[in-house]
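Take a look at the structure below.
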Amino acid sequence: YQDWRRVLIDDAGDIGKTGQPAWARHATFLHEEERRGALANVIAAIRGMAPLDTDVIVLLDGDDWLIRPDVFARLAAIYEDPNIQCTYGSCFVLGQGNVYPPADYSPEVKAARSYRSAPWAATHLKTFRAKKWREIPPEELIDPNTRAHWAFAWDMPIMFPLLETSAPNEVRFVREPLVVYNDATGANENTVDPAAQRYVEAR
C-alpha cells in the first residue's frame with residue numbers, strides 16, 4: 001500500500017542531535033530540543049501534516065512495530081466504509097507473549113458510550129479520520145491541574161472523546177493483532193512512572 005506519509009518524532013533524544021538520520025530520509029523527521037511528551041508531539045505532528053478531513057491518522061509508538069506488511073491495506077479496506085471514524089484493536093504483547101485486550105467493549109458500553117467506566121480496550125493500533133480528530137474538545141487534551149498536555153497515558157485523552165462522540169457503527173475493533181507492543185524496553189510509561197500513569201487513568 002503506497003498512499004501514506006510518515007512522521008517521526010525524536011522527543012529530545014539522541015537520534016536527531018546530528019540531523020536527520022539516513023534511515024528516516026523518506027519521512028518527515030522532527031527533533032525536539034526539549035522533551036514535550038507523546039501527546040504534545042502527536043498534536044504538533046498532525047497539525048504540521050495539515051491532513052485532509054478524510055485522511056486517516058495512524059499512531060505507532062517508536063518502540064513498537066507493525067506485525068505484518070499489509071496493515072495499511074487492511075486499514076484502507078476498513079475505511080472504505082465512509083461511516084467509520086476510528087479504529088482500535090488487539091496487539092501482541094512482546095514480553096508476555098499474549099494478545100491484549102482479550103475482548104472488545106460490550107454492545108451495552110458502546111450503546112451508552114460509557115467507555116470510561118469499562119475496562120480499557122481502545123488500544124493499539126489506534127487510527128482515526130482527521131476530521132474526527134479536529135472534533136476533540138481541546139480541554140480533553142489538557143491536564144486541568146498543570147494546564148499542560150497530559151504527560152502520561154496519552155492515548156486515553158485521544159481515544160475516549162473519539163469514541164464518545166462516535167456512534168457504534170462509526171468505530172471498529174480490529175480483532176486480529178496489527179501491532180507488536182514492545183513492553184520489554186523498560187521505557188514504557190507504566191514502567192517509568194506507574195504513579196503518573198495511574199494519575200491520568202483515574203481521570
Contact between [X] and [Y] at the side-chain level, heavy atoms closer than 4.5 Å - yes or no?
X    : Y   : result
Y181 : L94 : no
H124 : L60 : no
I158 : L59 : yes

_Charged N-O contact under 4.0 Å between E80 and R74_ =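 No salt bridge links E80 with R74.
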*What pairs with P119 under side chain to side chain contact (heavy atoms under 4.5 Å, CB included), at least two apart in sequence or on another chain?*
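P119: no side chain to side chain contact (heavy atoms under 4.5 Å, CB included) contacts found.
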*Who passes side chain to side chain contact (heavy atoms under 4.5 Å, CB included) against A77, sequence neighbours left out?*
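Side chain to side chain contact (heavy atoms under 4.5 Å, CB included) list for A77, sorted by chain: empty.
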Write down the atom of [X], the atom of [Y], and the distance for their closest heavy-atom approach.
X    : Y    : answer
D155 : K126 : CB-CE, 3.4 Å
E170 : T165 : OE1-O, 4.3 Å
E140 : W150 : O-NE1, 3.0 Å
W120 : P101 : O-CB, 4.4 Å
A38  : W154 : CB-CD1, 3.5 Å
A103 : F173 : C-CZ, 4.2 Å

Would [X] and [Y] show up in the same hydrophobic cluster when neighbours are defined by side-chain heavy atoms closer than 4.5 Å?
X    : Y    : result
L178 : I78  : yes
L141 : Y115 : yes
I84  : M159 : no
F128 : Y1   : no
V42  : M156 : yes

*Between CG of N98 and SG of C91, what distance do you get to the nearest 0.5 Å?*
8.5 Å
Judged by atom type as modelled, is there a donor-acceptor pair below 3.5 Å linking the side chain of [X] to the main-chain atoms of [Y]?
X    : Y    : answer
N83  : N169 : no
D143 : H149 : no
N41  : G37  : yes

*With side-chain contact (heavy atoms from CB on, under 4.5 Å) as the test, would you mind laying out the steps for L75 and V56 before giving the verdict?*
CA-CA 9 Å; L75 292 171; V56 175; 5.8 Å; no
Ignoring hydrogens and angles, write down the donor-acceptor pairs under 3.5 Å from the side chains of residues 65-73, residues two or more places apart or on other chains.
{"from": "R68", "atom 1": "NE", "to": "D70", "atom 2": "OD1", "distance (Å)": "2.5"}
{"from": "R68", "atom 1": "NH1", "to": "E176", "atom 2": "OE1", "distance (Å)": "2.5"}
{"from": "R68", "atom 1": "NH2", "to": "D70", "atom 2": "OD1", "distance (Å)": "3.3"}
{"from": "R68", "atom 1": "NH2", "to": "D70", "atom 2": "OD2", "distance (Å)": "2.8"}

*Does S166 have any side-chain hydrogen bond (donor to acceptor under 3.5 Å, both in side chains) partners at least two apart in sequence or in another chain, and if so, which?*
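S166 satisfies side-chain hydrogen bond (donor to acceptor under 3.5 Å, both in side chains) with K132 only.
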_Test of understanding: with side-chain hydrogen bond (donor to acceptor under 3.5 Å, both in side chains), list the residues that count as partners of Y79, not counting sequence neighbours._
T127
*Would L163 and R113 satisfy side-chain contact (heavy atoms from CB on, under 4.5 Å), going step by step from the backbone distance to the final call?*
CA-CA 7 Å; L163 294 173; R113 305 187 192 185; over 6 Å; no
*asked:* What verdict does the side-chain contact (heavy atoms from CB on, under 4.5 Å) test give for V171 and Q85, after you've listed the backbone C-alpha separation in whole Å, the side-chain angles of each residue and the deciding distance to 0.1 Å?
replied: CA-CA 6 Å; V171 301; Q85 299 300 309; 5.8 Å; no
*Could you name each residue pair satisfying side-chain hydrogen bond (donor to acceptor under 3.5 Å, both in side chains) that touches residues 44-58, not counting sequence neighbours?*
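The answer is D53-R134.
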*Among pairs that include at least one residue of residues 103-112, which meet side-chain hydrogen bond (donor to acceptor under 3.5 Å, both in side chains), considering only residues two or more places apart or in two chains?*
Y88-D104, D104-K110, S106-E108
*asked:* Quick one, L162 with I136, criterion side-chain contact (heavy atoms from CB on, under 4.5 Å). Give me CA distance, side-chain angles, the key distance, then yes/no.
replied: CA-CA 7 Å; L162 287 178; I136 296 178; 3.8 Å; yes
